[in-house]
Amino acid sequence: MAIITKQARKKIWAFLALGMFSGLLLLPLFLSLPTGASGADPVPAASAKAADAKSVEKSRDVWYKTEGPVVGAPAPKTTDGPKDYPRYNFESRVLLWVGLQQHLYYGSFVLAVPIFCMVVEYLGIISKDKALSRKYDQLAYDFVKISLTAYSLTALLGGIVIFTFLTLYPTFFTYLSGIFRPVMATYALLFIAESGTLYIYYYGWDKMREGFLKWVHVSMSVMLNVIGTVLMMLANSWIAFMQSPAGVDADGRYLGNIWHVIHTTLWNPINVHRLLGNMAFGGGVVAAYAAYRFLTSKTDEERAHYDWMGYVAMFIGVCFLIPLPFAGYWLMREVYAYRQQMGITLMGGLLAWLFIIQAVMIGALFLTTNYYLWQGMERMRGAERYQKYIKYMVFVLIACFIVWLTPHTIVMTPAELKAMGGQQHPVLGNYGVMSAKNGAINTIITTTVLSFIMYQRGNKIPTVKWAPLGNSFLFGFFTMAYINIIWLAIYGYYIPANVRVGLSVPQVASTLSCLFIGVTLNALMLKGAKDTGPIAWGQISVRSQYALIMLATSFTWMMGLMGYIRSSVRLFWHVNEIMRDNSPWAFTHTIGFGANMISFNVLFFWMTILFVFWLGSLGAKKAPVTAPSGQKVPIPASSH
Amino acid sequence: MTGLKLVEGYMPIQMLGEMGLQALLFIFIFYLLDKKMGIKVNKLLQATLLFVYSILYFRYRIYPPIPFSVRAIYATMTLIGIFMWVSSTEEAWQDFRRPIIAVADATTGAAKMIRTVVIILLPFLVGFMGYNSMKPNVDEPIELRTVHPAPPASTKVHGKTFVLQTAQSPFRVDNDGKYSDKVQNTYIDGNPWDEKAPPYLQYVREGGQIFFQNCHWCHGDNLNGRGMFAFAFNPIPANFTDPGTIAQLQETFVFWRVAKGGLNLPREGFPWASVMPPWEQHLTTDEIWKVILFEYWHTGYYPRTWD
């Protein structure tokens with residue numbers, strides 16, 4: 001009999017553990033398969049046929065237009081009173097708003113951070129430099145340690161939200177949970193799977209530090225993220241249903257097809273948008289944490305470490321920020337396609353001013369990112385040669401930002417209106433529409449990519465033979481991209497709206513090509529490049545760290561804002577066109593009130609997350625942090 | 001600045017082009033002063049000059065005048081851009097800070113004098129701003145007018161219900177009488193007065209007749225919102241040639257607005273600053289569809305569609 005070595009035993013256990021996790025992951029899906037959400041008792045086959053003919057009423061799906069058996073009760077018609085809307089002496093909606101927003105902030109954070117951990121841990125594994133590898137590993141461990149406390153808070157806030165919902169909106173909650181019963185059960189089971197995986201992932205870190213077990217460990221992070229993403233998608237199905245219901249008839253009666261209820265028209269756009277948003281947000285929060293630690297650092301070593309950490313977090317966050325506007329564009333396009341009035345309420349009507357604020361925030365994010373990269377070039381010897389281009393890039397960014405921010409509906413006094421001779425300004429009116437905005441944002445993003453490429457090669461001089469050719473290609477490629485983006489923005493005024501919407505595809509393609517081809521080509525050119533000096537980590541201006549904090553605050557504020565907009569657009573509906581909101585709060589708040597609420601939520605989140613960080617630092621060992629030295633600068637593999 | 005004309009149709013690009021040229025000129029001048037003439041102008045002075053110049057440009061160059069709210073946005077953006085530029089490198093940032101620090105430290109007699117003046121003037125400035133914001137204002141208040149209020153899901157005109165998401169113009173049809181969103185493009189240069197004109201162009205002609213009998217008084221011969229009665233109203237009627245009006249809307253939205261007029265704007269349309277009559281009281285349903293058909297054909301814009 002062959003002797004099983006200790007190593008092999010470990011492998012077997014590892015496979016078993018992985019198999020169990022996979023099973024755990026799939027279990028809820030199996031559980032939800034046999035029945036729909038009917039809740040009806042099983043009917044014997046013989047009598048079922050007879051009953052079918054007599055009693056099974058069929059109805060039409062409001063979205064899919066398919067016929068289905070009515071298996072749910074109609075949406076309740078609520079009345080303003082203690083039965084449907086029990087309340088404290090306070091606006092119930094605002095209470096729920098705060099609870100949900102905090103839950104979302106933490107939920108996003110704990111979904112994003114494991115993705116970071118996964119990436120950073122993987123970078124550590126593949127890194128050939130031992131010291132750098134350990135550094136990455138420690139960083140990933142620090143991340144997950146922070147997220148562990150945040151995870152408990154997320155669950156706690158989730159409980160608070162459920163109780164608030166149950167006690168303040170019982171009728172609505174009963175209706176919603178009646179339809180989503182299997183989804184909610186799956187959600188709860190997945191939550192258990194997520195918790196188990198997370199705890200083993202965290203507490204097993206030291207045990208699975210070396211060799212094959214390390215790969216098992218990083219595979220667990222993949223599984224953790226798969227579960228997390230499915231959890232998020234399930235939760236998204238509830239809000240997507242409220243906004244664009246499907247799987248029910250016009251009276252709100254469930255028609256037995258749970259997939260229709262989940263897979264509403266806005267579900268996938270929301271999924272994509274939220275996933276990217278979470279990542280960008282998570283990056284922002286970690287970067288802000290690093291910036292805070294940088295600013296309070298007492299030694300050069302600490303400054304170097306937190307400078308590096310801030311950079312890595314910012315880098316990952318921005319990678320997801322870049323495709324975010326495109327995902328947002330897709331979501332809005334689907335909203336318009338679903339209901340014209342919803343689209344107009346959002347972007348041209350009642351909520352249009354909030355979109356202007358959103359535009360400000362998006363612009364601020366990209367400006368801040370560029371600014372941070374330019375500041376980062378200060379700590380590289382040799383990057384001076386690119387600094388002379390900054391002023392031109394500032395101009396391009398600001399000119400685009402001006403176009404991006406020009407409102408379609410201008411605020412003006414009646415006297416100004418008269419002087420202007422009409423509601424539309426003949427010059428600025430053209431900046432107020434989508435064609436111009438698309439051109440502007442794509443140019444801003446392409447310029448951000450250009451800044452990054454400059455940063456990439458800050459302290460390097462390409463030595464590959466084809467460098468001149470590569471440089472010419474990059475120059476030509478970016479020039480063509482700018483021309484394409486701007487030309488299509490102008491051309492968009494001369495064609496039908498549906499074709500114009502399609503123009504965004506080549507524009508986005510130009511931007512993304514610059515991102516992927518430009519960055520990849522640049523990285524290839526920098527292989528074996530001549531170093532003009534190491535990156536002097538820690539020797540970055542304090543302004544850059546304030547920029548990181550601003551980046552994070554902008555993310556948080558924008559998340560609050562966009563969530564509010566998305567939710568408000570239902571106006572006086574709990575479930576759009578299905579279940580009416582008859583509480584006294586079925587009105588849209590003023591812009592000022594909304595903005596104050598968002599600010600309150602942002603402030604509250606940052607206060608509590610600081611507490612979480614503090615908790616995390618309590619358990620931290622006073623491990624000496626070594627400054628990165630020499631040529632081996634600890635930066636993501638993809639960036640240098 | 002009045003010597004240079006803004007060319008109609010190219011104004012938005014012209015404005016951006018002018019901004020770019022001015023920025024280049026600005027860079028060039030200070031490059032010449034520094035490198036060729038040896039006069040190094042401090043970054044704070046450069047920044048101040050650039051900011052003041054941009055304020056003047058947006059205030060006086062663009063006509064019609066830009067409302068203050070937009071100029072405030074532009075000025076803020078310019079200021080942010082200037083800050084990014086002067087603080088992009090440590091050297092530039094130190095150069096920018098130097099005069100400010102010098103005044104704050106007051107190491108020289110002149111600096112001391114400036115600091116004294118600033119310290120004396122600052123409270124007055126704050127006081128003046130406080131006075132300005134507190135003093136009673138007799139101007140009409142700013143109204144956040146919603147130009148395109150969200151339409152209802154459906155509207156009833158002459159007893160028939162139209163679902164705005166799905167309804168189609170019965171006259172936007174090809175030669176076989178089938179609805180076509182391509183037909184306008186096909187006949188965009190066609191002649192509606194041609195006796196052999198296809199049905200679509202004939203409907204356009206009929207729509208034009210209705211327009212010139214009923215609408216052009218306010219919306220103007222060129223559909224640009226400058227009809228003979230236009231300036232009796234504030235705001236003046238909608239300018240269909242602007243890319244922000246009918247070009248942004250589904251045909252059914254326009255149908256709803258024309259049929260119901262200003263009187264029946266929804267609550268969201270506050271302050272209901274529209275005196276357009278509810279045209280359903282004067283025109284038939286077909287006439288309303290035809291006049292809309294004409295408006296799109298004449299301006300060359302296409303109604304918004306989603307597939």
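Protein chains get the first letters and strands the later ones, always in sequence-line order, with residue 1 at the start of each. Everything numeric in this text was worked out from a predicted model, so none of it was measured. Just so you know, these numbers use all the heavy atoms, side chains as well, and skip hydrogens, waters and symmetry mates.
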Intermediate values then yes/no, side chain to side chain contact (heavy atoms under 4.5 Å, CB included), B:Gln248 and A:Val433: CA-CA 8 Å; B:Gln248 293 295 316; A:Val433 293; 3.3 Å; yes
OG1-CE distance between A:Thr368 and B:Met84, expressed to the nearest 0.5 angstrom: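 One finds 7.5 Å between OG1 of A:Thr368 and CE of B:Met84.
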Rounded distance (nearest 0.5 Å) linking atom CZ of A:Phe401 with atom CE of B:Met77: 4.0 Å
[X] side chain to [Y] backbone, donor-acceptor under 3.5 Å:
X        : Y        : value
A:Gln375 : B:Ser87  : yes
A:Glu378 : B:Glu90  : yes
B:Ser88  : A:Ile390 : no

Which answer fits [X], side chain, backbone, both or neither, if we ask what part of it has an atom under 4.5 Å from a heavy atom of chain A?
X        : result
B:Pro237 : neither
B:Thr252 : side chain
B:Ala247 : backbone
B:Ile73  : side chain
B:Phe58  : side chain
B:Ala230 : neither

Contacting moiety of [X], where chain B heavy atoms sit under 4.5 Å:
X        : answer
A:Gln341 : both
A:Leu367 : both
A:Val427 : both
A:Ala399 : both
A:Tyr338 : backbone
A:Val403 : side chain

Heavy-atom pair of closest approach, residues B:Pro64 and A:Ala419: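 Nearest pair, atom of B:Pro64 first, then A:Ala419: CB-O, 3.9 Å.
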Shortest non-hydrogen contact between A:Ala337 and B:Gln165, atoms and distance: O-NE2, 3.0 Å
Row check, B:Phe83 ring normal vs A:Arg543 NZ/CZ: under 6.0 Å, within 45°: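 So A:Arg543 doesn't make the cation-pi contact.
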By ring-ring contact (aromatic ring centres under 6.0 Å, His included) - contacts of A:Tyr493 (at least two apart):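 Result, ring-ring contact (aromatic ring centres under 6.0 Å, His included) vs A:Tyr493: none returned.
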With a 4.5 Å cut-off on side-chain heavy atoms, are [Y] and [X] touching?
X        : Y        : value
A:Thr406 : B:Tyr74  : yes
B:Met19  : A:Ile402 : yes
B:Phe68  : A:Val411 : no

